[in-house]
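Notes follow once the structure below has been shown.
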Protein chains: 2
Amino acid sequence: MNVTIKDIARLAGVSYSTVSKALNDSPLVKTDTRRRIVELARQLGYEPNLAAKSLVSRRSMTVGVLLPSLERVALSALVGRINDALATRGYEVILSILPPTSAIRLFQRLQVDGIVVFEDITPEARHVETVTTDIPVVSIGASHLVGSRFAVVDVRRKDALREAVRYLAGLGHKRIAYIGDARESDSKQQEKVAGFMEGAFACGLSAGDAFVLNSGGNTWRHGYDAGRRLLELDGRPTAVITGAFDVTAGLLRAALDGGLRVPDDLSLVSYDHIPQLAELDVPVTAVGAPVDAFGERIAEALLDIMADSGPIRRETHLDAVLEERASAVRFPG
Amino acid sequence: MNVTIKDIARLAGVSYSTVSKALNDSPLVKTDTRRRIVELARQLGYEPNLAAKSLVSRRSMTVGVLLPSLERVALSALVGRINDALATRGYEVILSILPPTSAIRLFQRLQVDGIVVFEDITPEARHVETVTTDIPVVSIGASHLVGSRFAVVDVRRKDALREAVRYLAGLGHKRIAYIGDARESDSKQQEKVAGFMEGAFACGLSAGDAFVLNSGGNTWRHGYDAGRRLLELDGRPTAVITGAFDVTAGLLRAALDGGLRVPDDLSLVSYDHIPQLAELDVPVTAVGAPVDAFGERIAEALLDIMADSGPIRRETHLDAVLEERASAVRFPG
DNA sequence: CTGAAAGCGCTTACAG
DNA sequence: CTGAAAGCGCTTACAG
């Protein structure tokens, strides 16, 4: 059997309510007593029973994160940040890879205080039956979940892509390609494509000079494959904007393997704003919401709606930031 | 506020203990009453409070899985199987990517009934302080966790690799390479290398004819990179054994991209026994513990030690199975 | 500053 | 077959 506050109380010769207070840093207990109790708890390897705590306090101090997989680097990074941000506020984070409906049900039973949903990777999930819940939910982008206490935190993707085009055009590039997942089923990917097109139009590029190469997905291998196709292209662009970190990594590898010099032969700007972009073979210029801020804002949004007990809906859109690195230069370089 | 059994009881005009029994399919309650209560619960969207359940029943019906990431396909597949196997027995599975010490502490607080640990991917974790727990733990391979109720479930990797060599030698191949993560820090990878060497020795291959190409890691890109190196090799092997699914996928792509025909120019056998191997560009012969059985055995081992209340330690080693597919043929083909 | 009491939502003997 | 009671481990007014 596990150690309980009653065990500690018996050994310390106090009542167990005093132990409870001591362990929760209540000012109501004498410093001396508290120290003794805390030390005893440590020695006994006491871990509070979250079930009991949550039952009486009506909060579990637990947040559930529903995610499709950890296959994308940028996603793993973001989950890590969310975890850190919530841990700072004393929340535990648990993950589930169950289908949305089951995951939400599990989270309800566990009485989590909040839920974070990544819709991003599973467009199929849209077909899943709608789940309604009173638990505060933060969704990254839109969601099929209908909650009465609901926030969307998202990145201004369009602006990000527009900014990337403007930046490269400003460096004198006239032929620019967007390479990323351009499947129509995923609205977020479509936003990036739209932003790219708008940016190209605004910069006076013609349809022939600014074009989209659909990688068909956002993994390393999609990027690598797209990179190989890029190498064989007639009239290769002088600059490329990639739609996600893993695509960038794969494409960069393909380009370097193919004998292309980056940035000399090809300038590169990547969507996703994570430190890993600086650690690639060539440090890559990033555009997007910086992951630290992104994770922080997700955590904040969740804590916000958790603090509020009434129904609430809000949206936060993070501004894109472009961070210059060595991967893009003036053309002709 | 969420719906509780008291709410249901009031609306149904019965005591809440009757509701509890009805909802738990107790034979002590009249079929008629039960049906009425169950229907009412459904209508109200009742979800049982796991905290309360776990507090009184002393079991949470929850299993924690501690994993470093979901980056490897074979690992994701295995986690999925474990989840299914445990769900069948009524257990919920929650994941954590916290550092081992923190994850175990969280699982203790959540009062999970069992823990599954994947040591595999993080050799660094060995340096982490040892964690002792009374919660039943199943580790895939050895672990730095010291529990009093502990089981190891693992694959006979050596045998698997030996079998792969024997199979290819039996097909007439004389030059065979093992390509996979051969870093010395990871004992599991070392086992595969050792099995390969033993198999080569037993089949009478010389050191020049059977060699190891260290991919330096087990991801797709490690496999792809190794595949490119393979293409440039003088005296290329006629058959290759790869050490993990993602390595196989990357290497196969590199080989096909490089103009090599599989299996005509190169026979291929992959470690890891997952259905995804059949879905690659060329269906690949697998050797290892079939993932269904693997997941099932992990779940069984955990349920076993969970059923037993005393201290217990046991090891299960799964036999490797070789499943023939189109990727390997007789040499000269 | 400390302790006794009530109660969180549930299950499970026990009595009827 | 149904209900009243005790209790799981904890927190939190409330009394002292």
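Numbered from 1 within each chain, the chains take letters A, B, ... in sequence-line order. Computed from heavy atoms alone, side chains included, the values below leave out hydrogens, waters and symmetry copies.
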**OP:** With sequence neighbours left out, write down each residue that passes side chain to side chain contact (heavy atoms under 4.5 Å, CB included) with B/V56, or none if nothing qualifies.
**Re:** none
Original post:
Under 3.5 Å, is there a donor-acceptor pair linking the side chains of A/S17 and A/S20?
Top reply: no
Original post:
Where along residues 29-53 of chain B does a heavy atom come under 4.0 Å from DNA chain D, residue by residue in number order?
Top reply: B/V29, B/K30, B/T33
Subject >> With sequence neighbours excluded, residues passing side-chain hydrogen bond (donor to acceptor under 3.5 Å, both in side chains) with A/R36 >> reply: none
Original post:
Ion pair present between B/D154 and B/K188, side-chain N to carboxylate O less than 4.0 angstrom?
Top reply: no
Original post:
Any side-chain N or O of A/S20 less than 4.0 Å from the OP1 or OP2 oxygen of D/dC10?
Top reply: no
**OP:** Identify, with sequence neighbours excluded, every residue that meets salt bridge (Lys or Arg N to Asp or Glu O under 4.0 Å) alongside A/R10.
**Re:** A/D7
Original post:
For D/dG9, does OP1 or OP2 lie under 4.0 Å from any side-chain N or O of B/R58?
Top reply: yes
Original post:
For D/dG3, does OP1 or OP2 lie under 4.0 Å from any side-chain N or O of B/T18?
Top reply: yes
Show the atom names and distances, to 0.1 Å, of all donor-acceptor pairs under 3.5 Å that link a side chain in residues 80-89 of chain A to residues at least two apart or in another chain.
unit_1	atom_1	unit_2	atom_2	d
A/R81	NE	A/D292	OD1	3.1
A/R81	NH1	A/D84	OD2	3.4
A/T88	OG1	A/D84	O	2.9
A/R89	NH1	A/A85	O	2.9
A/R89	NH1	A/E296	OE2	3.2
A/R89	NH2	A/E296	OE2	3.1

Original post:
Taking all atoms of both residues into account, what is the closest heavy-atom pair of B/M306 and B/R149, and its distance?
Top reply: O-NH2, 3.5 Å
Original post:
Any side-chain N or O of A/S57 less than 4.0 Å from the OP1 or OP2 oxygen of D/dT11?
Top reply: no
**OP:** Could you tell me which non-hydrogen atom of B/V116 sits nearest to which non-hydrogen atom of B/V63, and how far apart they are?
**Re:** CG2-CG1, 4.3 Å
Subject >> Residue closer to the 5' end of DNA chain C, A/L28 versus B/Y16 (nearest nucleotide) >> reply: A/L28
**OP:** Dot-bracket for DNA chain C, please, read 5' to 3', with Watson-Crick or G-U wobble pairs under 3.5 Å on both distances, ( ) within the strand, [ ] crossing, | other strand, . unpaired.
**Re:** |||.||||||||.|||
Subject >> No-H, no-angle donor-acceptor pair, B/S15 side chain to D/dA4 base, under 3.5 Å >> reply: no
